Amino acid sequence: MLKGRNAVNSDINQPWEQDNQAWWDWYVTLADNPRKIEASDLVDLSPIPNCDMASDDQIENELSDLYHVTKHQCIAFRRDGFIKLPNVLSQGAVARLRHEIIELLRKSFDLSSNYGVNNRFLSLELLWLTNKLLRRYVLSPRIAKICSDLLGGKSVRLYHDNILVKEPGCGRTPWHCDDHHFPLATQDVVTAWIPAQPIPVLMGPLAFAKPLSVFNLVKNIKFNKFDTSYDKLINKTFDRNNVEIENKAFAMGEVSFHHNRSFHTANGNKTSRMRVVLANTYFANGSRVVDQPTLVSGDWQKFIPGVDPGGIADSRLNPICWPINADTKAQ
Ligand SMILES: O=C(O)CCC(=O)C(=O)O
């Protein structure tokens, strides 16, 4: 999985040498999976609630309509490092998102087998540049303003959009916090994890360790790029310290928002339905790229083109998404 210089020694202070799909293919090998999920383990779910897909106009209106985040929810986010908010999307907007993402996946991957071709973690990114519908979900004032509110009202730029799909039988996502991943020199980073269907526990919802301060318990654990030891050690440390893990289902339209120091994981997909998610990451305007991005940051220059380490992360691919400004509207 690791290739070239990345495969040679244990150093992570080096650029990632492949694309983002290769990054995910490698990354999920770092997860400790006690047992491979077999085709016979997969559970068929009842059909997704039947609803009409939202039209373009409905999506445009819904994703511009502002969501009221309460003071209590902002406090909970700062304490826990994440919050799950109900009804961020309507059922029609979720159905449309899933439909569109599956169409896009078909163009890049072979989805013909029910068990998944390789039980892979599939990823696509930067779709907001080419797909008008996805662009509404990624540059959405509704979603970006929630992130801004959770960061105390800062204006926020897009880092990237990422379609994250677990085929049936795909295993766990290793424990991590995004601070190790995004090469941004700020603690003002939020990812909106937007499921494109309900996610029952068997499908592997995003699961969070709380409160946010558990970061301190594990911050000195050394990342190992070759095996599952990092994931195992984090798990063991949380276990030993009785850290509470929230691993609950996501209802249709529910979206989670997590801070870049929030430790999170996701179990494997033990259902016969693909777990389809759009994850958008936003960060405070004015933030810089770290001085030394690592291979864990993957192909970050694709998301902040033309900006060198240490520079302000304000490339043309990082529009300000909240507050709405002329630049964003024109795009
Ligand atoms: O979708 C997953 O399983 C992992 C996603 C994740 O870690 C993230 O969005 O930060």
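Since we're looking at a predicted model, the values are computed, not measured. Nothing fancy with the numbering, it's 1 onward along the sequence. Whatever order the structure lists ligands and atoms in, that order sets their numbers, starting from 1.
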Next on the checklist: Would you say the ring centers of His181 and Tyr27 fall short of 6.0 Å from each other?
Outcome noted: yes
Checklist entry - Heavy-atom contacts under 4.0 Å between His181 and ligand 1: side chain, backbone, both, or neither? => result neither
Checklist entry - When Thr281 is tested against each of Asp161, Asn162, Thr191, Asn260 for side chain to side chain donor-acceptor pair (under 3.5 Å), which residue passes? => result Thr191
Checklist entry - What atoms of ligand 1 come closer than 4.0 angstrom to any heavy atom of His258? => result 8 (C), 9 (O), 10 (O)
Checklist entry - Residues in ring pair (Phe, Tyr, Trp, His ring centres under 6.0 Å) with Tyr230, at least two apart? => result Phe223
Checklist entry - Considering only the protein, which heavy-atom contact is closest to atom 3 (O) of ligand 1, and what is its distance? => result Thr173 OG1, 2.7 Å
Checklist entry - Considering only the protein, which heavy-atom contact is closest to atom 9 (O) of ligand 1, and what is its distance? => result Trp193 CD1, 3.5 Å
Checklist entry - Does any N/O atom on Trp24 come nearer than 3.5 Å to any N/O atom on ligand 1? => result no
Item to check | Side chain Asp19, main chain Ala22, donor-acceptor under 3.5 Å | outcome: yes
Checklist entry - Is there a donor-acceptor contact under 3.5 Å linking the side chains of Thr173 and Lys166? => result yes
Checklist outcome for this item: among protein heavy atoms, the one nearest atom 6 (C) of ligand 1 is His264 NE2, 3.7 Å
Checklist entry - Which bit of Leu206 is near ligand 1, meaning a heavy atom under 4.0 Å away: side chain, backbone, both or neither? => result side chain
Next on the checklist: Are Trp128 and Tyr137, when compared by the centres of their aromatic rings, separated by less than 6.0 Å?
Outcome noted: no
Checklist entry - Short list, please: which atoms of ligand 1 are under 4.0 Å from a heavy atom of Asp178? => result 10 (O)
Item to check | Shortest protein heavy-atom distance from atom 1 (O) of ligand 1, along with the residue and atom involved | outcome: Arg275 NH2, 2.7 Å
Item to check | Proximal ligand 1 atoms for Ala266, defined as those under 4.0 Å from one of its heavy atoms | outcome: 3 (O)
Checklist entry - Which residue pairs pass the ring pair (Phe, Tyr, Trp, His ring centres under 6.0 Å) test with at least one member in residues 147-172, sequence neighbours excluded? => result Tyr159-Phe182, Tyr159-Phe303, His160-Phe182, His160-Phe303
